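Structure, as structure tokens:
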2 protein chains.
Amino acid sequence: MRRTRGPHSVSTTPTVYDVAERSGVSIATVSRVYRNPDSVRAQTRERVLAVARDLGYVPSGNARGLASRSTGVLGLCFPDYSDPDAESEAEAGAGGHGDEADDEAAMLYSDQIIRGMERAARRHGYALLIAASLKGGPESLVAKVAGRVDGFAVLARTVPTEELEVISRRQPVVMLAGPRESNDLDHLDHIEVANADGQRELTRHLIEDHGLRRLAYVGFAEESPDVEARFRGYVEACRAAGIEVGAEPDLRVAMMTQAEGARAAEALLDRPGERPEALLFANDQMAVGALHTLDRRGLRVPQDVAVTGFDGIALSRLVRPALTTVRQPMRRMGEEAVELLVRRLSDRAQGKTEDPVSMTLPVSVARRASCGCRAA
Amino acid sequence: MRRTRGPHSVSTTPTVYDVAERSGVSIATVSRVYRNPDSVRAQTRERVLAVARDLGYVPSGNARGLASRSTGVLGLCFPDYSDPDAESEAEAGAGGHGDEADDEAAMLYSDQIIRGMERAARRHGYALLIAASLKGGPESLVAKVAGRVDGFAVLARTVPTEELEVISRRQPVVMLAGPRESNDLDHLDHIEVANADGQRELTRHLIEDHGLRRLAYVGFAEESPDVEARFRGYVEACRAAGIEVGAEPDLRVAMMTQAEGARAAEALLDRPGERPEALLFANDQMAVGALHTLDRRGLRVPQDVAVTGFDGIALSRLVRPALTTVRQPMRRMGEEAVELLVRRLSDRAQGKTEDPVSMTLPVSVARRASCGCRAA
DNA sequence: ATGAAAGCGCTAACAC
DNA sequence: GTGTTAGCGCTTTCAT
């Protein structure tokens with residue numbers, strides 16, 4: 001016995017030792033009661049449980065994890081995706097000023113993934129640890145998460161791939177929505193959506209079904225493989241229809257927010273030459289911003305200009321006209337991520353080693369009012 | 001030195017010992033490099049960091065937590081709130097069959113709270129561990145979460161209060177949306193919303209502003225303080241207007257789902273006597289279900305019957321007619337929960353002890369089409 | 001500025 | 001079925 005406390009010590013949080021002592025068994029038995037109840041005589045078990053209850057004993061997850069080398073927790077790291085504009089509108093809504101862009105309207109990317117992962121994790125008996133990147137921590141976010149989970153998913157561009165590279169030697173990591181970045185020195189599993197396919201199909205729809213030919217594409221200034229893939233799809237559809245397009249989007253914005261989208265629309269409309277028949281945005285938030293601009297300038301959507309987004313966030317259905325967009329199966333992505341992690345974990349437990357997996361989830365075009373498919 | 005491995009051992013995940021050995025310092029120094037970088041000479045620090053990097057070293061959260069008695073993680077336990085109906089509709093949407101009740105439409109209660117907590121937690125440098133109750137685990141959900149976090153929030157009715165009672169002696173716990181259950185032996189902090197106020201105000205609106213007097217209220221069969229409070233508000237408003245009401249809701253359903261709401265509407269309409277002018281439901285999902293029923297039976301909302309919900313979930317805005325409801329500030333609740341936990345934690349660190357806090361967040365009535373406030 | 005050593009609370013052989 | 005005994009990988013005085 002390593003330690004003994006008075007019979008009525010209450011100050012510290014109770015441990016196995018306290019429970020063991022008070023119930024007249026060894027710490028091993030206390031441990032068994034929790035880990036493998038059937039291996040303990042019923043009577044003993046009840047006694048231990050009773051003592052535990054009245055002592056307020058809760059097994060320390062840390063100690064457990066340390067001793068058993070596993071935590072029963074999966075993780076998710078995501079970037080601080082918050083759109084300042086969406087935020088403020090949401091705040092206003094919550095404050096009761098308006099009904100406009102509701103609190104709940106702003107359910108973003110990461111929320112969906114969280115939902116998907118949580119569900120799947122629960123099915124497999126795991127809990128989920130979530131953490132958004134916070135700039136300037138001494139220890140990087142991943143390290144913190146990585147150290148507390150059995151495996152985790154990372155939304156692309158949250159963390160330098162190099163760092164993940166290192167960590168993935170230690171535990172399963174799946175990269176979400178990202179690029180399959182590095183070439184070969186890459187142990188990471190990877191799930192992405194068919195960005196190019198989606199944008200291509202949407203563009204084709206605009207061209208063939210609505211007969212539009214003067215299109216303008218708004219992309220992202222930063223390097224982002226997903227966004228680039230979308231643009232690629234756009235270009236392919238245009239070329240296929242014999243419409244000439246440059247190698248670059250008509251405009252690249254610094255942030256993919258509503259404000260930037262609104263500004264982009266201004267810029268595009270103020271450009272000399274014929275007005276575009278359709279404005280295609282690399283995400284929904286920008287498209288929503290553009291809707292504001294067009295409304296303010298007295299242009300009707302879709303009669304005067306069609307507008308499309310990408311992502312299929314909830315907000316895209318709430319705006320008027322409802323936004324035609326490409327829906328990403330983000331929830332499913334979360335679920336698949338967990339399935340992958342769980343499989344990896346059991347592989348490792350059995351000493352198996354399989355090659356990294358890379359899967360692509362299909363997307364679907366949501367034809368709504370902003371392209372002219374439904375009454376505005 | 002407790003352990004030594006060959007210079008090129010790669011099999012196991014590296015620890016402080018490995019890093020220390022390879023960089024010619026003690027494990028204490030390695031630890032300092034991460035915990036308190038400035039206390040280590042720059043040159044030493046760089047060397048250690050370099051070795052760590054190429055070894056793929058990540059500090060074990062478990063070991064850290066065990067040694068330092070804190071995890072840097074806050075938790076949230078919530079019940080498996082999933083509405084089977086909403087689920088299936090969502091699945092259909094995700095599968096691409098329809099645009100109807102979108103995946104994202106189904107953003108529920110818990111999602112909002114998660115969002116709020118995550119944001120606030122991040123601000124304070126914490127990560128968030130989330131876990132929904134899974135029936136029939138050997139160890140209860142809470143115990144698992146409790147053992148891995150510094151403090152946590154629990155959605156009411158997820159866990160027996162008694163169990164929380166015990167745990168709260170050990171770490172801060174805040175009860176969400178619940179009742180202030182026990183009487184005095186209660187150390188738990190507690191955040192609720194003004195259920196009665198909201199329902200009273202909504203009811204008053206129906207009576208005074210729309211001149212309705214034949215109302216029917218649909219409640220919940222299970223014991224639920226929140227839902228009871230809503231009913232209480234309803235009763236108060238009726239009495240204040242001189243409308244007679246019984247001590248019981250006109251109907252109590254077994255589950256607060258869309259299907260049950262639809263059934264409840266049937267039942268109410270089939271009742272002998274004059275048809276009610278308004279159907280008030282204890283939550284949005286039931287109200288949405290009722291909308292289906294009324295539509296199928298050819299009754300117009302709000303002309304023939306007004307319908308109201310409670311909660312303000314995203315779906316409430318998407319249905320036609322949009323649902324008049326009482327919006328709960330669920331996101332804010334999550335934020336407040338974290339603030340409370342963080343405060344408690346710092347109190348404990350300083351040896352302070354304060355009385356349990358109980359706060360009530362205000363709600364607001366969202367007047368939409370289903371009560372006649374806007375064009376349907 | 002750095003090292004030595006004592007735990008943190010639990011699990012997992014291995015004995016009995 | 002139950003007890004003994006090593007660790008698990010880190011933080012943290014206390015020395016130096």
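The structure presented is a predicted model; accordingly, all values stated were derived computationally and were not measured. Letters A, B, ... mirror the listed sequences (proteins, then strands); counts begin at 1.
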Ignoring backbone atoms, establish whether [X] has a side-chain N or O less than 4.0 Å from OP1 or OP2 of [N].
| X | N | result |
| --- | --- | --- |
| B:T44 | C:dT2 | yes |
| B:S26 | C:dG3 | yes |
| B:R45 | C:dA1 | no |
| A:Y34 | C:dG9 | no |
| B:T29 | C:dG3 | yes |
| A:R32 | C:dC10 | no |
| B:R64 | D:dG9 | no |

Exercise for the section: Remember a base hit wins even if backbone is also touched, and classify B:S31 as base, sugar-phosphate or nothing at under 4.0 Å, heavy atoms. Expected result: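 Result for B:S31 = base.
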Problem - Comparing B:R170 and B:R47 on DNA chain C - which has the more 5′ nearest nucleotide - result: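 With B:R170 and B:R47 compared, the 5'-side residue is B:R47.
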Where the side chain of [X] is defined as all heavy atoms beyond and including C-beta, which of [options] is the nearest nucleotide?
| X | options | value |
| --- | --- | --- |
| B:S68 | D:dG3, C:dT11, D:dT12 | D:dT12 |
| A:A63 | C:dG9, D:dC10, C:dA12 | C:dG9 |
| B:R41 | C:dT2, C:dT11, D:dG9 | C:dT2 |

Exercise for the section: Would you check if the side chain of A:R331 reaches a backbone N or O of A:R115 as a donor-acceptor pair within less than 3.5 Å? Expected result: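 Judged by distance alone, no pair lies under 3.5 Å.
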Handout entry: Flag, side chain of B:K144 to backbone of A:G72, donor-acceptor distance under 3.5 Å
Key =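 Pair found, side chain donor or acceptor close to backbone of A:G72.
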Practice task
Taking atom types as modelled, find out whether B:R148 and B:N62 have a side-chain donor-acceptor pair closer than 3.5 angstrom.
Solution key: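 On atom types as modelled, these side chains qualify, holding a pair under 3.5 Å.
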Practice task
Taking the side chain as every heavy atom from C-beta outward, state whether A:E339 and A:H124 have any atom pair closer than 4.5 Å.
Solution key: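 A:E339 vs A:H124: side chains touch.
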Practice task
Spell out yes or no: do the side chain of B:Y17 and the base of D:dC8 have one donor N/O and one acceptor N/O closer than 3.5 Å?
Solution key: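 Between D:dC8 and B:Y17, which were checked side chain against base, a qualifying N/O pair under 3.5 Å is absent.
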Problem - Toward the 5' end of DNA chain D, by each residue's nearest nucleotide, A:D38 or A:I27 - result: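 That would be A:D38.
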